[in-house]
Amino acid sequence: MTDADDVARAVADAHRREWAFVLAATVRVAQDFDLAEECVQEAYAAALSAWRRDGVPAKPAAWLTTTAKRRAMDAIRRERTLRSKLPLLIELEGREGQEDQEAREGQQHHQDQADPEATVPDERLRLIFTCCHPALAQEAQLALTLRLVCGLSTPDTARMLLVSESTMAARITRAKKKISAARIPFRVPRAAELPDRLGAVLGVVHLLFTAGHTAPSGPDLLRTELTDRALFLARTLRDLMPDEPEVRGLLALFLVTDTRRATRTDADGRLLRLEEQDRSQWDGEALAEAHELIVAGLRGGRAGRYLLQAAIASLYAQAPTYEETDWSQLVVLYDRLLAVWPSPTVALNRTVPLSMAQGPEKAFDAVAELEKDDRLARYPYLPAIKADLWRRLGRDAEATKAYRQALELTDNEAERAFLAGRAGETGPPVR
Amino acid sequence: MAQYAILLFDTAGAGDYTPEQQQASQRHAEDLIESGVLSSAYALDSVETATSVRGDAVTDGPFIDAKEVVAGFYVVEAPDLDAALELAKRNPAVQWGRGGIEVRPVVGSLPPSTR
């Protein structure tokens with residue numbers, strides 16, 4: 001017998017690290033997301049008692065995968081038996097089901113042979129590329145990947161994509177239904193198909209990183225298991241498609257962003273702004289690797305959104321001090337980024353270097369323009385940036401009001417504490 | 001194997017193909033028949049011949065007023081959507097730049113197709 005606490009911890013750990021891997025492997029057998037998810041859930045539940053009895057296995061992921069796959073196969077077999085025993089209304093349909101199953105198993109066998117040691121990255125990539133099938137709407141691709149590959153909860157996914165929880169749940173259901181009804185296959189696309197799907201895949205990995213970099217909710221600013229997974233996926237993609245400038249850009253962007261990980265909060269978990277962060281702590285090696293990727297990517301021709309974002313992040317990081325940042329060059333890069341990716345959040349971020357290069361008043365005009373955009377109505381960084389501009393102009397009353405607005409919109413505890421602190425500096429303390 | 005309906009959409013002048021285009025279509029149809037994936041295929045007369053029924057009302061013209069209309073449809077057998085899309089993309093009409101193709105899974109048919 002193994003201690004119940006140890007087992008609970010091992011299961012929780014395997015849930016955090018291996019969920020996507022176990023699901024990806026199970027989906028290949030089940031050929032159905034809902035069935036696969038159900039079987040994976042059951043496997044985790046079964047692990048609690050089995051591991052208490054037999055001890056935690058050496059390879060928890062393998063144990064969970066085998067268990068979940070077996071459940072999926074049982075379920076398929078049960079359904080087949082049930083169908084054959086039902087009074088045959090249409091005889092042909094029953095037979096078709098069996099042929100189907102045999103064809104499926106044949107295909108499965110073939111896949112296993114072609115890919116005898118399906119490695120973790122391949123399994124995850126397979127699932128990501130399936131979720132990013134061009135037959136699915138991009139919003140569905142994102143929703144599915146975040147939910148299934150990355151294990152993000154539906155509310156977190158909804159918050160990240162700026163839609164309501166019910167909208168998100170409906171999107172996921174619709175996408176799953178299409179995958180099963182239209183039989184969207186579970187495989188990594190051939191090389192020729194990759195460019196079609198790459199945009200979506202990069203978008204998903206990027207959102208995953210974003211979700212980890214600033215968790216949409218919860219006590220901690222960071223969810224390192226998400227950023228680590230995104231970084232790992234970006235490296236895997238770079239190995240798969242080494243010459244794609246946007247893949248290089250994405251990896252570079254993650255490297256630059258992640259190097260600041262340790263300096264974004266102080267010892268007590270309080271948020272530190274870029275100007276307060278200890279630049280000597282940043283990983284010079286990672287920054288150099290990113291710089292090389294960016295230079296190589298920019299040499300390749302027209303820069304896409306990830307490469308430009310990486311160039312922006314790298315420019316921020318290269319300055320010896322915050323004050324010495326090349327603000328005008330940043331505004332230029334942001335303008336180029338807006339040209340290839342006209343996103344309201346990019347336009348909002350642009351107002352920060354703009355305020356440094358040309359003064360807060362100029363930035364205010366830009367922010368005021370963005371306030372008309374409904375998509376930013378619940379975006380906490382809009383009032384937060386506005387508050388900062390007011391603060392710099394010495395307009396404390398307006399700053400306090402805007403900090404409080406931002407406070408109402410964020411659910412991340414570290415961010416809330418920071419905003420409450422700032423609001424307390426310009427106005428009466430916030431409890 | 002599953003069945004997919006491939007709906008061919010074209011501008012209202014559908015059918016006014018050049019002799020080369022007609023030959024390409026014919027060859028494509030023969031390819032599908034030879035490879036044994038085609039279940040059935042129908043080419044429709046021009047949209048000017050369409051009549052719509054909505055409730056009690058009978059009107060001249062197509063049911064949906066759009067730039068493109070259904071010019072024909074055929075049903076193929078394919079193991080999954082990717083395979084069906086491969087077949088659909090091979091239709092030469094896709095290259096003509098006037099319309100396009102919609103692929104939809106078939107969930108039932110009457111009488112039951114004998115295979």
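By convention in this document, chain letters (A, B, ...) are assigned in the order of the sequence lines, proteins followed by strands, and residues within each chain are numbered from 1. Given the structure is predicted, the values throughout are model-derived calculations rather than measurements.
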Which pair of non-hydrogen atoms, one from [X] and one from [Y], has the smallest distance, and what is that distance?
| X | Y | value |
| --- | --- | --- |
| B/M1 | A/R183 | O-NH2, 4.0 Å |
| B/P105 | A/A182 | CG-CA, 3.6 Å |
| A/P185 | B/D80 | CB-OD2, 3.3 Å |

Legend entry - Residues in residues 84-91 of chain B that sit under 4.5 Å from chain A, counting heavy atoms only: B/L85, B/E86

Legend entry - Partner set under side-chain contact (heavy atoms from CB on, under 4.5 Å) for B/Q23, not counting sequence neighbours: B/R27

Legend entry - Those residues that, when tested against B/D82, pass salt bridge (Lys or Arg N to Asp or Glu O under 4.0 Å) (two or more places apart): A/R187, A/R197

What side-chain donor-acceptor pairs closer than 3.5 Å can you find for residues 64-71 of chain B, not counting sequence neighbours?
none

